Amino acid sequence: MSDMDVYKLLGSRAAMRRKQLGLKQEEVAKQIGLSRASLANLETGRQKILLHHVYKLATALELRTITDLIPNALVEIEPVDF
């Protein structure tokens, strides 16, 4: 998984959850301290997000943990022969 794939996945999960809750981008953006345009870019994976914004985003989207927004692993772990 590439670095940008992580951001695309996070963004798509955030957008899906926001829509489930019936929230507008402007409402969520205000709660996390970003512009609506920045949130739109985050949701499409075109903009990276700072860790403290991830926490605020999870709170705004009423998630239990930030891990609901991120992939389980960044890379596939292959066994290593010693």
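Everything quoted here is computed from the prediction, not taken from an experiment.
- Looking at R18 and E43, a side-chain N of the basic residue comes within less than 4.0 Å of a carboxylate O on the acidic one, giving a salt bridge.
- Under a cut-off of 6.0 angstrom, the local environment of CD in E27 is crowded, with over 12 non-hydrogen atoms contributed by other residues, nucleotides or ligands.
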Contacts table for residues 33-40: side-chain donor-acceptor under 3.5 angstrom, sequence neighbours left out:
unit_1	atom_1	unit_2	atom_2	d
S35	OG	S38	N	3.0
S35	OG	S38	OG	3.1
R36	NH1	Q25	OE1	2.9

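- Under a hydrophobic-cluster definition in which Ile, Leu, Val, Met, Phe, Trp and Tyr are linked whenever side-chain heavy atoms come within less than 4.5 Å, directly or via other members, I49 and Y55 are assigned to the same cluster.
- Taken to the nearest 0.5 Å, the CD atom of Q47 stands 4.5 Å off from the CG atom of L42.
- Residues L23 and A60 come closest through the heavy atom pair CD1-O, 3.9 Å.
- Within the 3.5 Å criterion, the main-chain N or O of I70 finds a donor-acceptor partner in the side chain of R13.
- Closest approach of I66 and A58 over heavy atoms only: CG2-CB, 3.9 Å.
- The stretch residues 55-65 participates, sequence neighbours left out, in no salt bridge (charged side-chain N to carboxylate O under 4.0 Å, His left out) pair at all.
- Across all non-hydrogen atoms, the minimal contact from L61 to L21 is O-CD1, 3.3 Å.
- With sequence neighbours excluded, the residues satisfying side-chain contact (heavy atoms from CB on, under 4.5 Å) with M4 are S2, Y7, K48.
- Just one of D5, D68, L57 meets the side-chain contact (heavy atoms from CB on, under 4.5 Å) condition when paired with L10; it is L57.
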